[in-house]
Amino acid sequence: HYRFFHWPLEFPDVFRQGGFDVVLGNPPWERIKLQQQEFFSARNPKIAGAGNATIRNAMIDDLSRTDPFLWQSYQHALHDAECSAKFLRAGGRFPLTAIGDINTYSVFAELFSTLVNPAGRIGLVVPTGIATDDGNKKFFGSMVESNRLISLFDFENRQAIFPSVHRSYKFCLLTLAGRDMGQAKPRFAFFLTRVEHLQDERRVFPLTRNDFLLMNPNTHTCPIFRTRMDAELTARIYRRFPVMVNEH
């Protein structure tokens, strides 16, 4: 029923060689926690459109009498979501991303980081929160500290690069390496609205591992700048005047 997928069993030849050469993906962007309105939107719009959670929960409870099949389907979905969250948090496979209100894109990003061989590359389309949200700071900080980050290019969907995604949504192209990149500096760009903006040298800039640790030593999240000049100026300021409290 759950169709568990075991990577080394599915691809034994690949893992005998240390993992994949390339992993490309646009993983699902969904919370593990079951969303009542989303579940009932197509199954029972009346429940989905209830005025508040109290009314909605009363209507759901009443399904055991009025529509036992739908009530049972909801109970199964609720159980699946709760078990998935427990598996992710307690299974030991996702120590960096199975935190708080788990989102599938974070878990997939951590999974992909373990599937490549040392010379491999990972390319993901994920929400920019992978680098800026508190719940992802352990994963992103780990990629920075291990020097596996190649580039992060942040886009706003104002010009509908993804037509079915809300225009205010922010996503990024995240590229990771299978091992320490040595002297290579990861590249960044933020607030892009068209792919052509990646050719603009004023928008794309490098940040070193030391820059991250200097500017955000406590959170290890990604500092955001609109231009190369902003990034260079801020780095200079922090070199002269470091943060007042470094928790590490």
Side-chain angles (χ1 to χ4, degrees), residues 5 22-45 47-50 53 56 77-78 80-81 84-85 88 94 96-113 115-116 121-141 143-144 149-176 186-200 202-205 207 219 221-227 230-231:
F5 191 94
V22 177
V23 179
L24 295 175
N26 178 4
W29 308 352
E30 300 172 357
R31 289 194 293 173
I32 295 294
K33 184 178 180 181
L34 182 67
Q35 306 300 307
Q36 292 178 333
Q37 288 169 294
E38 184 178 316
F39 178 85
F40 286 106
S41 60
R43 298 172 175 88
N44 189 318
I47 293 178
R56 189 179 307 112
L78 193 62
D80 287 355
S84 295
L88 293 173
F94 304 101
L96 303 177
T97 55
I99 299 167
D101 200 358
I102 304 172
N103 198 302
T104 51
Y105 79 82
S106 305
V107 174
F108 271 96
E110 183 173 1
L111 169 66
F112 292 165
S113 73
L115 297 181
V116 291
R121 294 289 184 271
I122 304 159
L124 301 176
V125 182
V126 290
T128 305
I130 194 68
T132 58
D133 289 356
D134 187 67
N136 292 320
K137 66 182 180 183
K138 283 190 175 182
F139 171 73
F140 192 76
M143 294 298 103
V144 170
L149 185 61
I150 295 176
S151 62
L152 187 149
F153 301 131
D154 161 67
F155 287 83
E156 294 179 308
N157 201 43
R158 280 187 291 167
Q159 297 191 25
I161 295 175
F162 288 123
S164 59
V165 176
H166 195 278
R167 297 295 182 94
S168 66
Y169 214 86
K170 290 173 68 66
F171 64 91
C172 70
L173 306 180
L174 176 68
T175 307
L176 304 171
R187 295 188 305 145
F188 299 85
F190 294 93
F191 302 102
L192 310 180
T193 57
R194 299 197 309 271
V195 176
E196 291 77 16
H197 286 161
L198 288 171
Q199 308 304 319
D200 188 342
R202 296 168 300 178
R203 288 176 173 267
V204 181
F205 54 87
L207 284 176
T219 64
T221 52
C222 187
I224 294 176
F225 305 106
R226 287 187 177 272
T227 67
D230 294 340

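All values below come from the heavy atoms of this structure, side chains included, with hydrogens, waters and symmetry mates left out. All figures in this text were calculated on a predicted structure; none of them were measured in a lab.
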NZ (K138) with more than 12 external heavy atoms under 6.0 Å: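 Atom NZ in K138 is not packed in, count stays at 12 or less.
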R56, CZ: over 12 other non-hydrogen atoms inside 6.0 angstrom: yes
Using every non-hydrogen atom in the two residues, find where [X] and [Y] come nearest and quote the distance to one decimal.
X    : Y    : result
R167 : A160 : NE-CB, 3.3 Å
A189 : V204 : CB-CG2, 4.0 Å
L124 : P27  : CD2-CD, 4.5 Å

Cation-pi, F191 ring and K170 (6.0 angstrom, 45 degrees):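 Yes, K170 sits over the ring of F191.
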Sub-4.5 Å side-chain heavy-atom contact between [X] and [Y]:
X    : Y    : result
F94  : L111 : yes
I102 : V107 : yes
F139 : S106 : no
D154 : I224 : no
F190 : L152 : yes
N44  : F39  : no
S151 : F188 : no
C172 : F153 : no

Pairs where residues 26-44 contributes a residue and the test salt bridge (charged side-chain N to carboxylate O under 4.0 Å, His left out) is met, not counting sequence neighbours: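 Passing the test, one end in residues 26-44: R31-D101.
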Distance flag, aromatic centroids of F171 and F162, threshold under 6.0 Å: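 Yes; F171 has its ring centre under 6.0 Å from that of F162.
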Value rounded to 0.5 Å, distance of [atom1] in [X] from [atom2] in [Y]:
X    : Y    : atom1 : atom2 : result
L174 : F112 : CG    : CZ    : 11.5 Å
E156 : T193 : CD    : OG1   : 7.5 Å
T221 : D134 : OG1   : CG    : 8.0 Å
K137 : T132 : NZ    : OG1   : 13.0 Å
R202 : D230 : CZ    : CG    : 12.5 Å
E110 : L88  : CD    : CG    : 10.0 Å

Qualifying residue for side chain to side chain contact (heavy atoms under 4.5 Å, CB included) with R121, from L176, I150, V116: I150
Check against side-chain contact (heavy atoms from CB on, under 4.5 Å), T97 and Y105: CA-CA 9 Å; T97 55; Y105 79 82; over 6 Å; no
Results of ring-ring contact (aromatic ring centres under 6.0 Å, His included) for F140 - residues two or more places apart only: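 With sequence neighbours excluded, F140 shows a ring-ring contact (aromatic ring centres under 6.0 Å, His included) to F212, given in chain and number order.
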Stepwise side-chain contact (heavy atoms from CB on, under 4.5 Å) check, L78 with D80: CA-CA 5 Å; L78 193 62; D80 287 355; over 6 Å; no
Backbone N/O of G129 and side chain of N136: donor-acceptor pair under 3.5 Å: yes
Side-chain donor/acceptor of D133 to backbone N/O of G135, under 3.5 Å: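 No, the answer is negative, given that no donor and acceptor are paired below the 3.5 Å cut-off.
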side-chain contact (heavy atoms from CB on, under 4.5 Å) assessment of T175 paired with I122: CA-CA 5 Å; T175 307; I122 304 159; over 6 Å; no
